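Read the structure below first, then the notes.
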Amino acid sequence: MVDALGVAVVGFGWMGRVHTQAYARVRHHYPQLALRPELVTVAEDVPGRAEEAAAQFGFATAVRDWREVAADPRVRAVSITAPNFLHREIGVAMAEAGKHLWIEKPVGLTAADARAVADAVAKAGVQGAVGFNYRNAPAVEAARELIASGELGTVTHVRVRLFSDYAAHPEGALTWRYERERGGSGVLGDLASHGADLARHLLGDITSLTADTAVFVPERARPTGATTGHSRSSGGDLGPVENEDYVNCLLRFASGARGVLEACRVSVGEQNNYGFEVHGTKGAVFWDFRRMNELGVSRGTTYQDQPVSTVYVGPGDGEFGAFQPGAANAMGYDDLKVIEAYRFLRSVAEGKPYGATLRDAERSAAVLDAMARSAQSRSWVNVASS
């Protein structure tokens, strides 16, 4: 017997839509799932947006205030896809109301925010999942297994990159993303949070680092109305960009490995250029999100001039088999969120975590906090352990 699970989505920008579509698709790919998500409520404070979402996707109720979701007994699980500065308040309140949480990264503005939500989830005894979607790619899971197997030898160093042009246009509107109070640390929270999670997921804990940051587009026009996504605005009053456009960072891992993490939101000519290169004493593995279902793999015993082979992931890798019947059939970004939804709902059904947790978010946020401290002090700093 399959139980119905009342779910709500708080915040209906692009990511709220992605979560909703994942709920709608999850049982198509995972018919064995013991829970069937039912869209109960959507909350969004932009006038008319919640009603439009309800009409399009079939939510039973549309509300402006997320507090109505916390008080709704029909809702047992909540997707929190509101802006970063609201994550802590909403996340803690939902956990205290006994709701399971699927919350987008970076879970607030600081490690303290992420810890507060993680502690509230632990105290309430509910499940909490975090939107570190890139770790769900079957190729990333295959790379992790390859590293753990020792086929690359001892891992020596990794390079993680996250380059995008979503903020490159000088007429990009001065939304909450560019304010320190509401957007936090800019590209650190938006992109480098994924990089920190990928680095930890592949190589283990980061112990210390040194970082440098910069703002390359120092002023933007204030929007004159409601915005969605990365809107443009021209003719409005100019205001300062308060948080980072760019970060580069040297990493030291508990294993002894070294790393480089670089992220930028104003990289002209780069569209979602995300990926990693992991090198070991016997081989290497390479992944590019834009070729999500491929790995470059070098392994063997020749060392010098050792070739790199292209490997296409297939049904034996991660969750690939839930989507495609054979290797080299394409998966896309939205599929990663369906995997995330499945792991979240499975956590709820079985009462134990699957996939990225709030503690993972806390550890990623600790790396981001260390980056900010290092950039300010211009020195190596230790990453706080939880």
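Values in this document were obtained by computation on a predicted structure and should not be read as measured data.
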For [X] and [Y], indicate whether the former's side chain and the latter's backbone hold a donor-acceptor pair under 3.5 Å.
X	Y	answer
Q21	D334	no
H29	A322	yes
E141	P138	no
D335	G332	yes
S374	A370	no
K99	V75	yes
N329	G326	yes
H100	A77	no
D317	G314	yes
T81	G11	yes

Legend entry - Residue from V187, D190, N84 passing side chain to side chain contact (heavy atoms under 4.5 Å, CB included) with R177: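 Exactly one candidate clears the test, D190.
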Would you call [X] and [Y] a side-chain contact if the rule is heavy atoms closer than 4.5 Å?
X	Y	result
Q127	P353	yes
D197	H194	no
V260	L250	yes
H87	V117	no
D72	V40	yes

Whether [Y] and [X] form a salt bridge (side-chain N of Lys/Arg under 4.0 Å from carboxylate O of Asp/Glu) is what I want to check.
X	Y	value
R161	D288	yes
R265	D165	no
R200	D205	yes
E38	R36	yes
E179	R182	yes
E362	R359	yes
D212	R378	no
E242	R220	no

Got more than 12 heavy atoms from elsewhere within 6.0 Å of [atom1], [X]?
X	atom1	value
R252	CZ	yes
R291	CZ	no
E350	CD	yes

Inset, instruction - Classify the ring geometry between F12 and F59 as parallel (under 30°), tilted (30 to 60°) or perpendicular (over 60°). - result: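 Rings of F12 and F59: perpendicular, over 60°.
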Inset, instruction - Please state whether the rings of H279 and F286 are parallel, tilted or perpendicular, taking 30° and 60° as the class boundaries. - result: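 Rings of H279 and F286: perpendicular, over 60°.
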Would [X] and [Y] count as having a side-chain donor-acceptor pair, cut-off 3.5 Å?
X	Y	result
Q271	R290	no
R343	N136	yes
S185	E244	no
E104	H19	yes
Y333	N272	no
S379	S377	yes

Legend entry - I147-V311 co-clustered via ILVMFWY side chain contacts under 4.5 Å: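 Both belong to a single hydrophobic cluster.
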Inset, instruction - Go through the steps to decide whether L261 and N248 satisfy the test side-chain contact (heavy atoms from CB on, under 4.5 Å), and finish with yes or no. - result: CA-CA 6 Å; L261 191 159; N248 65 56; over 6 Å; no
Legend entry - Side-chain hydrophobic cluster, 4.5 Å single linkage: members besides V266: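 Its cluster mates, by chain and number, are F216, V217, Y246.
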Inset, instruction - Take S193 and L368 through the test side-chain contact (heavy atoms from CB on, under 4.5 Å) and record every step on the way to the result. - result: CA-CA 7 Å; S193 59; L368 304 184; 3.8 Å; yes
Inset, instruction - Might you point out which heavy atoms bring E340 and N133 nearest each other, and give the distance in Å? - result: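 Minimum heavy-atom separation between E340 and N133: OE1-CA, 3.2 Å.
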Legend entry - Shortest non-hydrogen contact from A375 toward T213: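 That closest heavy-atom pairing would be CB-OG1, 3.7 Å.
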Legend entry - From Y354, Y30, F323, residue fulfilling ring-ring contact (aromatic ring centres under 6.0 Å, His included) relative to Y342: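 Only match with Y342 under ring-ring contact (aromatic ring centres under 6.0 Å, His included): Y30.
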Inset, instruction - Output, in order, the C-alpha distance, side-chain angles, deciding distance and verdict of side-chain hydrogen bond (donor to acceptor under 3.5 Å, both in side chains) for Q56 and R17. - result: CA-CA 10 Å; Q56 180 176 359; R17 180 180 296 269; 3.2 Å; yes
